[in-house]
Amino acid sequence: MKLLKPLGLILLSIFLFGMVSCNDDEPEKDKIETIKLFVAAQTTPHYILGKPVMGIQIKEEGETKYHTIGLHDITDFEYEEGYEYELRVVKKTLANPPQDGSNIEYRLLEILSKTKVDIPEVKITEQDIKYKEGCPYELYTVYNPTIFVTADGDFIDSDKEQGAGYDYKNIYLEYNLKDGDKFFNELMYMPTSVYVIDPFPMENPSKYLRPAKIRNKALALKNMMTKEAADYLINEAPKGSTLTYHFILMNAEELGLQKLEVSFIKR
């Protein structure tokens, strides 16, 4: 009988150890909470796997400094630049985040406020542009540097038969560099914005450059060309007349990389 007591203690110890081990094997759970989130009025570059994309600046209630997340990283939220937002969101902190992703997810519940902010205009001339070390450099080419404009309002690449309207047309860039080339895939040799040199009005073009965003190597025509210039080309310009736009690619440090051009010809 005396042998049973030590044996019982051993069995009890094994049972308790097994229970602790089972508890340790339970998966960690995500943390979910509802918080206030503040969004700044201006976009800023955000980097995913070393590639620059458009980002927004946010801070949670109680934080003093903004940090950057991707433009679409708040589910169900449609951001409009030039407005400050106060949001009520669900914040999920992932217990097991993906290796190449964030451990935090946001989902919009409610826009508590949306306030228009006057962003001061900074007047810059081409002479004010400072270039990145080693630049200007032929990093990119315009995929199609000649675009025809019709009286119907279509903007058509020279190698295509159909085009797109002013609000939907994009100017695409092609990356020139290959693995092993100088500056290949280097972060600060990738554009996050451009400065447009506007030739319109032709009689008295402004000496000041106009900033515009570039996204995924695409520049929206409406961000490069004013509506007045587009209306002129569509409705007034004689056949064969040309407007040539130059634009300077800028990196996240606001340093120039390269100057490119695209011409619009009335068909």
Side-chain angles (χ1 to χ4, degrees), residues 40-57 66-73 79-82 100 119 121-147 155 157 164 166-199 206-226 229 243-264:
Q42 288 182 281
T43 56
T44 189
H46 178 60
Y47 297 93
I48 298 177
L49 299 178
K51 303 289 186 182
V53 297
M54 199 63 65
I56 55 176
Q57 301 173 80
Y66 285 94
H67 62 277
T68 304
I69 63 173
L71 186 63
H72 304 293
D73 282 355
Y79 176 80
E80 185 177 355
E81 190 168 22
D100 57 354
I119 300 172
E121 182 182 359
V122 179
K123 292 189 173 182
I124 293 177
T125 68
E126 188 172 358
Q127 288 68 39
D128 295 324
I129 299 292
K130 292 181 173 59
Y131 279 85
K132 179 71 175 172
E133 183 180 355
C135 292
Y137 194 80
E138 292 187 9
L139 303 164
Y140 295 85
T141 54
V142 177
Y143 170 72
N144 201 313
T146 302
I147 296 173
F155 291 78
D157 290 346
Y166 171 75
D167 288 322
Y168 304 101
K169 178 65 179 173
N170 289 316
I171 311 301
Y172 292 99
L173 304 183
E174 287 187 303
Y175 193 48
N176 289 338
L177 305 186
K178 297 183 285 295
D179 193 8
D181 288 346
K182 184 180 180 182
F183 305 139
F184 175 74
N185 271 356
E186 289 192 24
L187 205 56
M188 289 304 152
Y189 290 87
M190 296 181 182
T192 57
S193 63
V194 305
Y195 276 113
V196 178
I197 303 170
D198 196 337
S206 174
K207 66 177 181 178
Y208 297 113
L209 310 184
R210 189 173 64 255
K213 301 294 183 183
I214 189 168
R215 186 180 301 173
N216 296 328
K217 294 184 289 188
L219 173 61
L221 175 62
K222 62 184 179 181
N223 291 338
M224 182 176 71
M225 178 185 289
T226 64
L243 271 182
T244 298
Y245 281 75
H246 294 86
F247 56 96
I248 301 171
L249 304 181
M250 307 294 293
N251 71 1
E253 302 170 307
E254 278 293 296
L255 295 174
L257 300 175
Q258 179 185 4
K259 184 177 178 180
L260 294 167
E261 70 174 53
V262 57
S263 294
F264 298 86

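The structure presented is a predicted model; accordingly, all values stated were derived computationally and were not measured. Any value given below was found using the heavy atoms of this structure, including those in side chains, with hydrogens, waters and symmetry copies removed.
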Donor-acceptor pair, side chain of [X] and main chain of [Y], under 3.5 angstrom:
{"X": "Asn170", "Y": "Tyr172", "value": "no"}
{"X": "Tyr175", "Y": "Asn185", "value": "yes"}
{"X": "Asp181", "Y": "Lys178", "value": "yes"}
{"X": "Gln258", "Y": "Tyr140", "value": "yes"}
{"X": "Asn251", "Y": "Met188", "value": "yes"}

Within this structure, what is the [atom1]-[atom2] distance for the pair [X] and [Y], rounded to the nearest 0.5 Å?
{"X": "His67", "Y": "Thr44", "atom1": "NE2", "atom2": "OG1", "value": "12.5 Å"}
{"X": "Phe184", "Y": "Asp179", "atom1": "CZ", "atom2": "CG", "value": "4.5 Å"}
{"X": "Lys132", "Y": "Glu186", "atom1": "NZ", "atom2": "CD", "value": "8.5 Å"}
{"X": "Leu177", "Y": "Lys182", "atom1": "CG", "atom2": "NZ", "value": "10.5 Å"}
{"X": "Ile248", "Y": "Leu255", "atom1": "CD1", "atom2": "CG", "value": "12.0 Å"}
{"X": "Arg210", "Y": "Tyr245", "atom1": "CZ", "atom2": "OH", "value": "6.5 Å"}

Closest heavy-atom contact between [X] and [Y]?
{"X": "Val196", "Y": "Asn223", "answer": "CG2-O, 4.4 Å"}
{"X": "Thr244", "Y": "Ser263", "answer": "OG1-OG, 2.9 Å"}
{"X": "Pro199", "Y": "Leu243", "answer": "CG-CD2, 3.9 Å"}

**Prompt:** Taking 4.0 angstrom as the limit, do Asp128 and Lys207 come out as a salt bridge?
**Reply:**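 The answer is no: the pair does not qualify as a salt bridge.
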**Item:** Derivation and outcome, side chain to side chain contact (heavy atoms under 4.5 Å, CB included), residues Leu209 and Ile197
**Value:** CA-CA 5 Å; Leu209 310 184; Ile197 303 170; 3.4 Å; yes
Quick one: are [X] and [Y] in side-chain contact, heavy atoms under 4.5 Å?
{"X": "Thr43", "Y": "Tyr79", "answer": "yes"}
{"X": "Val262", "Y": "Met224", "answer": "yes"}
{"X": "Leu219", "Y": "Val194", "answer": "yes"}
{"X": "Ser193", "Y": "Glu254", "answer": "yes"}
{"X": "Ile56", "Y": "Ile69", "answer": "yes"}
{"X": "Thr125", "Y": "Tyr208", "answer": "yes"}
{"X": "Leu173", "Y": "Leu249", "answer": "yes"}
{"X": "Ile171", "Y": "Ile147", "answer": "yes"}

Is it the case that more than 12 heavy atoms not belonging to [X] sit under 6.0 Å from its [atom1] atom?
{"X": "Tyr168", "atom1": "OH", "result": "no"}
{"X": "Glu138", "atom1": "CD", "result": "no"}
{"X": "Lys213", "atom1": "NZ", "result": "yes"}
{"X": "Glu80", "atom1": "CD", "result": "yes"}

**Prompt:** Under 30°, 30 to 60°, or over 60°: which ring-plane class applies to Tyr189 and Phe183, parallel, tilted or perpendicular?
**Reply:**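 Plane angle under 30°, so parallel.
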**Asked** Passes side chain to side chain contact (heavy atoms under 4.5 Å, CB included), Lys259 versus Glu126? Steps please.
**Response** CA-CA 10 Å; Lys259 184 177 178 180; Glu126 188 172 358; 2.8 Å; yes
**Asked** What's the verdict on side chain to side chain contact (heavy atoms under 4.5 Å, CB included) for Asp157 and Lys169, showing C-alpha distance, side-chain angles and the deciding distance?
**Response** CA-CA 10 Å; Asp157 290 346; Lys169 178 65 179 173; 2.7 Å; yes
